[in-house]
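Notes follow once the structure below has been shown.
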Amino acid sequence: MASFKSLPGFRDFYPEDLAPRTHLFRQWRRSAHAYGFQEYDAPVLESLDLYKAKSGDEIENQLFSFTDKGGREVALRPEMTPTVCRMVGAKANALKRPIKWFSIADFFRYERMQKGRGRCFAQFNGDIFGEAGPEAEIELISLLIQCLRGLGLAADDFYVRLSDRNLWFYYLEALGLGEEQVRGMLGAIDKFERLGEAAFEIYTKAHGEMPETLKTAVLRMLAIKSLSDLERLVTELDNEQLTNRLADWRQVLGGLDAMGLSDFVSVDLGVVRGLAYYTGFVFEAFDRKGDLRALAGGGRYDDLVKKLGGPALPAVGFAIGDMTMELLLKERGLLPEVASKPDVYVVVGGGAERLAAFGDIAALREVGYRVDYPMKDLGFGKQFKNATESGARLALIYGEDELAKGVVKLRDLSQREEVEVPRDQVAAAVRDFLSA
RNA sequence: GCGGCCAUAGCUCAGUUGGUUAGAGCACUAGAUUGUGAUUCUAGGGGUCGCGGGUUCGAUCCCCGUUGGCCGCCCCA
């Protein structure tokens, strides 16, 4: 029994574990590039203050933080948003707008292990800076959907719940609530799905009893499931802020509909995301069966860049986690079997044949073919077995007889047929076979 | 931070009402097989039975603690 293990909550990636992860990353990168997003990266270690500035002092409990040898308080990054805000903020005036960036990176949180959650995980992060209008939401939500569709998931596998903190603010303020009361109510709404009306205790404890009319009004908003529901409510209330905001909703949903994505999006004001820094539209992606934690989440955060020391810069972003994503893909049979197979497996007779084969092996590898061969002298039977198990489609046979005739045998491993080709035509023959 | 379940080979698991040297299948390595892949057969390596303590003549088994894992709660940037 090995005496060293990986730390709790951290994962080793053996080749068969890395293959699905590589698949996720490759598809995410492809989607982001298709949408014109540029990839960036950043340090894993950041100043602890960066996270305290964004989330408050309590955050430290959930961080991998320590004091470095220079006496600096530092933390492994638990998320990308503060970092990307810092980066964009520092060069905001030199960057062409809109700024469309993405990253794929590891994050660290000191939390209890659970299904779909570990202490080290990867996220795709996509953000748009410098666009205050709903066009940014259209682009970003459609990218989120594409990141999941690119992995083979369809509208009956997942959906995006779209909500809006501004709508709640305008609505609740129209009902007479002050800013603190609104924040308290958003906290309650965040819990409503799980706790039911018991969630309102969060509000009543801090702000006193809820009048029945307030509760009814909140429940009515929570019951909204479509744009037409929303239009009906807003029309009835005849409030200028709400009416203006409704135009944004029409634009976002209209844009997504024009992209053919209506089936992936549902209006659901029960999503508010606990974070205080979100300032407008917020959204979360879930699997339809609903037995996994959220696949992705995001929203608008127009004040954060400034709060972290940059200029005022509107922003909207989202993140997709790798762990829940992988669970869902595995459930749906959408993960690839093996990462890497050779194209060609070379069977060698003995020492002299091995040296003869090396020249051709090197030449084939030089032009990009994946070529493997046994390192020990083995019987032909064993070598063919290895060739089959390697997943190669083609075997090249370098035996005493072949070399004496100046040929090499090409064996089609699936058809069990072989042909002889002259040594100097091996590369061409391999190319013809593999491209056929 | 709180509760429930679990811990024997790389994996899946058996086992002993407490008793000599702890087993199987799969996987891995080698041989049967010195020029052709399946199946099969044979052999081999691999375990301080998670760790520590207690009870006992004797503990992988019973008790306590601890660590780790799974599930749920809290949290979830």
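In the text below, chain A, chain B and the rest are named by the order of the sequence lines, each starting its count at 1.
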Using whole Å, what does the distance between atom [atom2] of nucleotide [N] and atom [atom1] of [X] come to?
X: Leu308(A); N: A77(B); atom1: CG; atom2: P; value: 17 Å
X: Ile397(A); N: G37(B); atom1: CD1; atom2: C1'; value: 11 Å
X: Glu418(A); N: G35(B); atom1: CD; atom2: C1'; value: 9 Å
X: Arg119(A); N: G69(B); atom1: CZ; atom2: C1'; value: 13 Å
X: Asp127(A); N: A77(B); atom1: CG; atom2: P; value: 15 Å
X: Met113(A); N: U67(B); atom1: CE; atom2: P; value: 17 Å
X: Lys5(A); N: G69(B); atom1: NZ; atom2: P; value: 8 Å
X: Met80(A); N: C76(B); atom1: CE; atom2: P; value: 22 Å

Is there a side-chain polar atom (N or O) of Lys191(A) under 4.0 Å from OP1 or OP2 of C76(B)?
yes
For a quick test of reading the model: is some side-chain N or O of Lys376(A) closer than 4.0 Å to OP1 or OP2 of A30(B)?
yes
So, do Phe124(A) and Phe318(A) have ring centers that fall under 6.0 Å from each other?
yes
Using the benzene-type ring in the case of Trp, are the ring centres of Phe200(A) and Phe192(A) under 6.0 Å apart?
yes
Using a 4.0 Å heavy-atom cut-off across all strands, classify [X] as base, sugar-phosphate, or nothing.
X: Arg117(A); answer: base
X: Tyr277(A); answer: sugar-phosphate
X: Glu400(A); answer: base
X: Asp412(A); answer: base
X: Asp401(A); answer: base
X: Gly317(A); answer: nothing
X: Ser55(A); answer: nothing

Distance-minimising heavy-atom pair for [X] and [Y]:
X: Trp28(A); Y: Gly321(A); answer: CH2-O, 4.1 Å
X: Ala42(A); Y: Met87(A); answer: CB-SD, 3.8 Å
X: Glu197(A); Y: Lys215(A); answer: OE1-NZ, 3.1 Å

Would you please classify the geometry between the Phe129(A) ring and the Trp101(A) ring as parallel, tilted or perpendicular, with 30° and 60° separating the classes?
perpendicular
From [options], nucleotide with atom closest to [X] side chain:
X: Arg109(A); options: C71(B), A77(B), G37(B); answer: A77(B)
X: Arg112(A); options: A38(B), G69(B), C2(B); answer: C2(B)
X: Phe380(A); options: C74(B), A77(B), G35(B); answer: G35(B)
X: Pro8(A); options: G69(B), A77(B), C74(B); answer: G69(B)
X: Glu402(A); options: A77(B), G35(B), G72(B); answer: G35(B)
X: Gln114(A); options: A77(B), C73(B), G37(B); answer: C73(B)

Hey, are the side chains of Asp164(A) and Tyr170(A) touching, using non-hydrogen atoms and a 4.5 Å cut-off?
no
Ile320(A) side chain near Leu148(A) side chain, heavy-atom distance below 4.5 Å:
yes
Given the [atom1] atoms of [N] and [M], what is the spacing between them in whole Å?
N: U67(B); M: G15(B); atom1: P; answer: 30 Å
N: C63(B); M: U21(B); atom1: C1'; answer: 28 Å
N: U56(B); M: C74(B); atom1: C1'; answer: 44 Å
N: G44(B); M: G50(B); atom1: C1'; answer: 27 Å
N: C57(B); M: U66(B); atom1: P; answer: 28 Å
N: U12(B); M: U48(B); atom1: P; answer: 16 Å
N: A38(B); M: G46(B); atom1: P; answer: 27 Å
N: G65(B); M: U20(B); atom1: P; answer: 29 Å

Along RNA chain B (nearest heavy atom to each residue), the more 5'-positioned of Arg411(A) and Gly379(A)
Gly379(A)
Of Phe10(A) and Thr81(A), whose closest RNA chain B nucleotide lies nearer the 5' terminus?
Phe10(A)
According to a cutoff of under 5.5 Å between the ring centres and under 30° between the ring planes, does Phe384(A) stack with the base of U36(B)?
yes
Glu137(A) CD to Leu256(A) CG distance, which is reported to the nearest 0.5 Å:
10.0 Å
Can you confirm whether more than 12 heavy atoms, excluding those of Glu400(A), are under 6.0 Å from its CD atom?
no
Fill in the dot-bracket string of RNA chain B, one character per base: . for unpaired, | for a pair to another strand, ( ) or [ ] for pairs within the strand, taking Watson-Crick or G-U pairs under 3.5 Å.
(((((((..((((.....[...)))).(((((.......))))).....(((((..]....))))))))))))....
